[in-house]
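Since we're looking at a predicted model, the values are computed, not measured.
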Amino acid sequence: MLTMGKVAAAATLAGTGYLVSTQVMQVWEENFDFGLFPWVSAAIGAWAGWTIIGRRVTRRSSVSQVISYGVTGLVMMLLVAFFVFAGNEALRKSLARRYDGPIEAILDMIPISTNWGANLLHPHILATLLAGGLLSAVMARLVDRIWK
């Protein structure tokens, strides 16, 4: 069901995903073709905002619930993004015949995710992630209180 709280959470977390992906592109050390990385990150953020945060936050949610929903949505956004981008990189490597079998490609997704996750450990990126997750939950609650 379409509610304005879900729309606000999806839009805010999508913006957070896009902003964080552009920050990651700036701190990336290698010459890497990112392609649709910011837009896919925004789509994953919109999904997490709609399904994780928007579904749970209501006008009766307490402050501690809003904070926990925001952090939960943020963590789910990051986990799904790691899975999607590591899977894409493993697929690219497997098409270049760098693996002997599919299990090796699946197992290589863990080191790929940790390498990508290491780029999130900059203070300004962590602050943006935390602020975006909390802001999306707060916006969902405020908008849900205004538009019933």
Side-chain angles (χ1 to χ4, degrees), residues 1-58 61 65-144 147:
M1 182 173 160
L2 177 72
T3 62
M4 290 307 292
K6 288 182 181 181
V7 171
T12 310
L13 210 55
T16 301
Y18 186 86
L19 182 62
V20 167
S21 66
T22 57
Q23 288 177 341
V24 167
M25 289 168 47
Q26 292 172 355
V27 300
W28 198 266
E29 297 169 356
E30 304 169 6
N31 188 11
F32 191 77
D33 180 27
F34 286 97
L36 297 173
F37 176 61
W39 298 107
V40 174
S41 299
I44 293 170
W47 168 81
W50 185 278
T51 59
I52 306 297
I53 297 173
R55 185 175 292 169
R56 289 172 174 82
V57 175
T58 63
S61 298
Q65 288 174 330
V66 169
I67 291 171
S68 67
Y69 296 152
V71 172
T72 302
L74 175 70
V75 169
M76 286 303 298
M77 178 183 80
L78 289 175
L79 289 175
V80 170
F82 284 148
F83 179 76
V84 167
F85 294 127
N88 185 36
E89 184 68 16
L91 179 65
R92 186 188 65 79
K93 286 182 178 181
S94 68
L95 291 175
R97 305 235 182 235
R98 293 188 186 165
Y99 299 125
D100 292 331
I103 300 300
E104 187 179 348
I106 292 171
L107 291 177
D108 192 39
M109 288 173 61
I110 296 169
I112 292 171
S113 294
T114 56
N115 290 338
W116 280 66
N119 287 317
L120 296 177
L121 296 179
H122 296 279
H124 66 284
I125 295 176
L126 290 174
T128 304
L129 282 169
L130 188 60
L134 295 177
L135 182 67
S136 64
V138 168
M139 287 297 295
R141 183 172 185 263
L142 289 176
V143 168
D144 196 51
W147 286 289

Rounded to the nearest 0.5 Å, how far apart are CG of Leu79 and OG of Ser113?
9.0 Å
Is it the case that over 12 heavy atoms from other parts of the model lie below 6.0 angstrom from the CZ atom of Arg92?
yes
Donor-acceptor contacts under 3.5 Å from residues 19-26 side chains, at least two apart:
{"residue": "Ser21", "atom": "OG", "partner": "Gly17", "partner atom": "O", "Å": "3.2"}
{"residue": "Ser21", "atom": "OG", "partner": "Tyr18", "partner atom": "O", "Å": "2.7"}
{"residue": "Thr22", "atom": "OG1", "partner": "Tyr18", "partner atom": "O", "Å": "3.4"}
{"residue": "Thr22", "atom": "OG1", "partner": "Leu19", "partner atom": "O", "Å": "2.7"}
{"residue": "Gln23", "atom": "OE1", "partner": "Thr128", "partner atom": "OG1", "Å": "3.3"}
{"residue": "Gln23", "atom": "NE2", "partner": "Thr128", "partner atom": "OG1", "Å": "3.2"}

Which heavy atom in Val143 sits nearest to a heavy atom in Ala8, and how many Å separate them?
CG2-CB, 3.9 Å
Taking every heavy atom of Ala140 against every heavy atom of Ala9, the minimum-distance pair comes out as CB-CB, 3.9 Å
Can you tell me how far CG of Leu134 sits from CG of Leu129, rounded to the nearest 0.5 angstrom?
11.0 Å
So do Leu120 and Phe82 actually touch side chain to side chain, heavy atoms under 4.5 Å?
yes
Which atom pairs, donor and acceptor, lie under 3.5 Å between side-chain atoms of residues 44-58 and protein residues at least two apart or in another chain?
{"residue": "Thr51", "atom": "OG1", "partner": "Trp47", "partner atom": "O", "Å": "2.8"}
{"residue": "Arg56", "atom": "NH1", "partner": "Ile52", "partner atom": "O", "Å": "2.9"}
{"residue": "Thr58", "atom": "OG1", "partner": "Arg60", "partner atom": "N", "Å": "3.4"}
{"residue": "Thr58", "atom": "OG1", "partner": "Ser61", "partner atom": "OG", "Å": "3.4"}

Got a second to check how far Asn119's CG is from Thr114's OG1, nearest 0.5 Å?
10.5 Å
Run Leu74 and Met77 through side-chain contact (heavy atoms from CB on, under 4.5 Å) and show every step you take.
CA-CA 5 Å; Leu74 175 70; Met77 178 183 80; 3.8 Å; yes
Mind checking whether Ile112 and Lys93 have side chains closer than 4.5 Å, heavy atoms only?
yes
Atom CZ of residue position Phe83 - does it have more than 12 heavy atoms of other residues, nucleotides or ligands inside 6.0 Å?
no
Gap between atom CE of Met139 and atom CG of Leu13 - 0.5 Å precision
12.5 Å
Side-chain heavy-atom pair Leu107, Glu104 within 4.5 angstrom cut-off:
no
Nearest atoms (heavy-atom pairs only) where Thr16 meets Gly132
OG1-CA, 3.3 Å
Name the atoms and distances for all side-chain donor-acceptor pairs under 3.5 Å in residues 36-43, with sequence neighbours left out.
{"residue": "Ser41", "atom": "OG", "partner": "Phe37", "partner atom": "O", "Å": "2.8"}

d(Phe85 CZ, Asn115 CG) to nearest 0.5 Å is 15.5 Å
Beyond-backbone contact of Leu91 with Leu95, side-chain heavy atoms, under 4.5 angstrom:
yes
